[in-house]
Trainee: 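Structure incoming, see below.
Scope of the values below: all heavy atoms of this structure, side chains included, with no hydrogens, waters or symmetry mates. In what follows, chains are A, B, ... by sequence order, proteins preceding strands, each numbered from 1.
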2 protein chains.
Amino acid sequence: MATIYEVSRLAGVSLATVSRVINNTAPVREATRVKVEAAMNELGYRPNSVAQSLASNRSNSIGILVSELSGPFYGELLSRIEAEFRAVGKHVIIAAGHSDAEMERESIEFLRSRNCDALILHVESVSDNYLRGLADGGCAFVLINRYVRAIAERCITLDNRHGGYLATRHMLQLGHREIAYVSGPMWKNDAKERYAGHLEALAEFGVSENKALFFEGDFQETGGVRALQHFLAADASFSALVCANDEMASGAITAAHDIPLELPDQLSVIGFDNVNFSHYTYPKLTTIDYPIAEIGQMAARWVLKNVYSQTTTELKAIFEPRVIERDSTQKI
Amino acid sequence: MATIYEVSRLAGVSLATVSRVINNTAPVREATRVKVEAAMNELGYRPNSVAQSLASNRSNSIGILVSELSGPFYGELLSRIEAEFRAVGKHVIIAAGHSDAEMERESIEFLRSRNCDALILHVESVSDNYLRGLADGGCAFVLINRYVRAIAERCITLDNRHGGYLATRHMLQLGHREIAYVSGPMWKNDAKERYAGHLEALAEFGVSENKALFFEGDFQETGGVRALQHFLAADASFSALVCANDEMASGAITAAHDIPLELPDQLSVIGFDNVNFSHYTYPKLTTIDYPIAEIGQMAARWVLKNVYSQTTTELKAIFEPRVIERDSTQKI
DNA sequence: GCCTATGATGAAAGCGCTTTCATTTATAGC
DNA sequence: GCTATAAATGAAAGCGCTTTCATCATAGGC
């Protein structure tokens, strides 16, 4: 691989000048630029990005930490973030935190040791305090899907509470009054918020909460299966099932088929997230849209603006969910 | 951030010695090692990976190019590859090629310009010739899910033909004789191979091919929908539907529900890939397992062995598919 | 034509590490 | 105790770039 030195020799100019034409960082006479470009072409020169990083103290790499690389949710996120950075010649290093505090911390350290210019973090288990400390320590990062007051300006979130509210309100507006709720793990913030929204909608319609119609699942498909079995075994009476995510909704639908229960005639089901398999269920799942790609895009733009000082469109910190009505819900 | 120089000063040794304890690259007296480690701890020293890369000509980064970052298929692949490299302190840079020759080429160049030590490529559009040239050019890469004879030692593939064979044989063994086939785009190699396997199974059972029962789809859900509509509109007679991937199978199932057609009573459907949503369909999809995670793992090990000279378990180049029987197929 | 302001360019000093080679120190053999 | 050998360490030269600072060329103002 040719180096900048060889290019400078061939073009008959100094290293500095070649660097200038590469980075367009200072005016260069047209004739000189042409000479340099010709030399670069002749040698098939490509700058060594590692050397550039060392000298400029910029790696042009952004670390992304998500809980899982697989699963329908994060793929879209990564996809959008990658596209956004790729367009400006920066690259993305990925790591998985697996919803475990220790692994999340270790992953963050790993990414930092890689000299990332910035991090985009989707962490669930690490403490608010840790994140605050990270920010104080001068680490450039933006937080996705989590709100930490002390570093509010770095948080990009979905209004989960409103989403929970919309889901249950949708059922209420269809006339349902006996509404079972399958929550995610209550230690997870989004699970708590969605549930709070659920209660809010119930209250608004004057429906009192029935503890027998609450089940804490695990955000996995099996959680939905167990939830439905639990409600049925307890002989609970309900015409609608609100699930805190699509995986559990899908599990519940599967379990319902096995009973069998006619959907949506005997039971209306709504999910949350609008992951891309949600229309593969039968009946197609009504759900709450989680604009994860947009959120990823916004996170990327946050980095572009705050770390790379690029002017960009207005940043948006809170995204609004909305109901996607398909076939799994119905008037009672 | 502390530098190696400060550590050496504090420990009262030379740069070289500190480097030796960091990399464990030459024997260091125990007492010295302890001093150095104490100094590193005191300063909270972490080596600058960019400087390491520049000096050692090793970036410890591996570029991964897949068609899409989203979608059920690639997530698992990335997940496994990341885990494998992470365990040995290396990181993964990702890029998407979007099944477009130009973008694939550009992505490869992008990754190379990032000084990746090796590339793991899942490319569909770029030519065999280009790949051969890449190999000749000294680029270290391994190819996933594609076989190019000239660089066979770099290819890790699934036996797609055998998979296609298994899918159709499964139907034949259930007693089906009128079997419709929904192919992927025939310019894609795996689509061609799977179809070849289909024909092989038909031949083995003495069933002659019926052109009216072939449809070329796009590997997308809509392709499956259109396929079923096409066959029905043509008034074709068939009791089984073999789809070249799960997306199309899912589309076909959706379309069948709309007719409505009782599944699997009136029609047996089989997919291919065993992506993670395939059991969300109703009835749960019988399919051919594509061990994508294992393939990813093998690709990572190929790199570990051939690029980083690590001793590792035996490498395997061809993986075998197998039938995953669920509820969408049934004896006739 | 001379002076100044400005635009172009080059020399050279890093960036933080690895690695070679020479030197020093410890170990063993007698 | 002395030499031959091995083990441990240090000095210094890069790795390929960016960036500061000084210098040189050019053009306009009078």
Side-chain angles (χ1 to χ4, degrees), chain A residues 1-40 43-61 89-91 112-117 308-309, chain B residues 1-40 43-61 89-91 112-117 308-309:
Chain A
M1 199 64 218
T3 70
I4 197 174
Y5 174 73
E6 298 169 42
V7 173
S8 77
R9 284 276 305 270
L10 182 58
V13 299
S14 72
L15 293 185
T17 301
V18 178
S19 176
R20 285 179 189 116
V21 347
I22 292 170
N23 300 296
N24 203 13
T25 181
V28 170
R29 205 152 32 112
E30 189 52 27
T32 315
R33 151 169 286 117
V34 169
K35 266 195 306 185
V36 171
E37 279 165 353
M40 297 202 296
L43 295 172
Y45 171 75
R46 248 182 1 214
N48 179 322
S49 66
V50 172
Q52 287 180 311
S53 298
L54 182 60
S56 65
N57 202 24
R58 266 289 156 79
S59 67
N60 286 313
S61 69
K90 311 201 180 299
H91 70 264
R112 293 186 75 188
S113 82
R114 251 50 200 179
N115 292 72
C116 293
D117 294 334
Y308 295 112
S309 312
Chain B
M1 198 66 219
T3 70
I4 197 175
Y5 175 73
E6 298 170 42
V7 173
S8 76
R9 284 276 305 271
L10 181 59
V13 300
S14 72
L15 293 185
T17 301
V18 178
S19 175
R20 286 179 189 115
V21 346
I22 293 170
N23 299 298
N24 203 14
T25 180
V28 171
R29 203 151 35 109
E30 188 54 25
T32 315
R33 153 169 285 115
V34 169
K35 267 194 308 185
V36 171
E37 279 166 354
M40 295 201 298
L43 294 172
Y45 172 75
R46 249 183 1 217
N48 179 321
S49 66
V50 172
Q52 286 181 312
S53 298
L54 182 59
S56 66
N57 201 25
R58 266 288 154 80
S59 66
N60 286 312
S61 68
K90 309 197 181 302
H91 70 264
R112 294 187 75 188
S113 80
R114 251 50 199 179
N115 291 74
C116 293
D117 293 335
Y308 295 112
S309 311

Trainee: Determine: side-chain N/O of A:Ser14 to OP1/OP2 of C:dG10, distance under 4.0 Å, yes or no.
Mentor: yes
Trainee: Could you tell me whether A:Ser49 contacts a base, only the sugar-phosphate backbone, or nothing, with contacts defined as non-hydrogen atoms closer than 4.0 Å?
Mentor: nothing
Trainee: Atom CG of A:Asn60 and atom P of C:dC15: how far apart are they, to the nearest Å?
Mentor: 20 Å
Trainee: In whole angstroms, how far is the P atom of D:dA11 from the CZ atom of B:Arg20?
Mentor: 11 Å
Trainee: In this structure, are over 12 heavy atoms from other groups packed under 6.0 Å from B:Asn23 atom CG?
Mentor: yes
Trainee: Can you tell me how far apart CZ (A:Arg9) and OG (A:Ser14) are? Round to the nearest 0.5 Å.
Mentor: 13.5 Å
Trainee: Please state how far atom CG in B:Asn24 lies from atom P in D:dT9, giving the value in whole angstrom units.
Mentor: 13 Å
Trainee: Give one of base, sugar-phosphate or nothing for B:Thr17, where a contact means two heavy atoms less than 4.0 Å apart.
Mentor: sugar-phosphate
Trainee: Under 4.0 Å between any heavy atoms, over every strand shown, what does B:Val50 touch: base, sugar-phosphate, or nothing? Just pick one.
Mentor: nothing
Trainee: So with a 6.0 Å cut-off around CZ of B:Arg58, is the heavy-atom count from everything else above 12?
Mentor: yes
Trainee: Within the 4.0 Å heavy-atom criterion, would you say B:Thr25 contacts the bases, only the backbone, or no part of the nucleic acid?
Mentor: nothing
Trainee: Would you tell me if any nitrogen or oxygen in the side chain of B:Thr3 comes within less than 4.0 Å of OP1 or OP2 on C:dG16?
Mentor: no
Trainee: May I have the distance from A:Arg29 (atom CZ) to C:dT6 (atom C1'), rounded to whole angstrom?
Mentor: 14 Å
Trainee: Compare all side-chain heavy atoms of A:Ile22 with those of A:Met40 and state whether any distance is below 4.5 angstrom.
Mentor: yes
Trainee: Without decimals, in angstroms, what is the distance between B:Asn23 CG and C:dT19 P?
Mentor: 7 Å
Trainee: At under 4.0 Å between heavy atoms, what does A:Asn48 touch on the DNA or RNA strands: base, sugar-phosphate, or nothing?
Mentor: sugar-phosphate
Trainee: Tell me the interatomic distance from B:Glu30, atom CD, to C:dT25, atom P, rounded to whole angstroms.
Mentor: 21 Å
Trainee: Take B:Leu54 and B:Val13, find for each the nucleotide of DNA chain D with the closest heavy atom, and name the residue whose nucleotide sits nearer the 5' end.
Mentor: B:Val13
Trainee: Quickly work out the B:Glu6 CD to C:dG16 P distance and round it to whole Å.
Mentor: 9 Å
Trainee: Which value, rounded to the nearest 0.5 Å, describes the distance between A:Arg33 atom CZ and A:Asn24 atom CG?
Mentor: 5.5 Å
Trainee: Look at A:Ser19 and D:dT18 and indicate whether a side-chain polar atom (N or O) is within less than 4.0 Å of OP1 or OP2.
Mentor: yes
Trainee: Compare side-chain N and O positions of B:Thr32 against OP1 and OP2 of D:dT9 and report whether any pair is under 4.0 Å apart.
Mentor: yes
Trainee: Measure from the side-chain heavy atoms of A:Ala51 and tell me the nearest of C:dC17, C:dA11, D:dC17.
Mentor: D:dC17
Trainee: Provide, to the nearest angstrom, the distance between the OH atom belonging to B:Tyr5 and the P atom belonging to C:dT18.
Mentor: 17 Å
Trainee: Taking for each residue the nucleotide of DNA chain C bearing the nearest heavy atom, is the 5' side occupied by A:Pro27 or by A:Ala16?
Mentor: A:Pro27
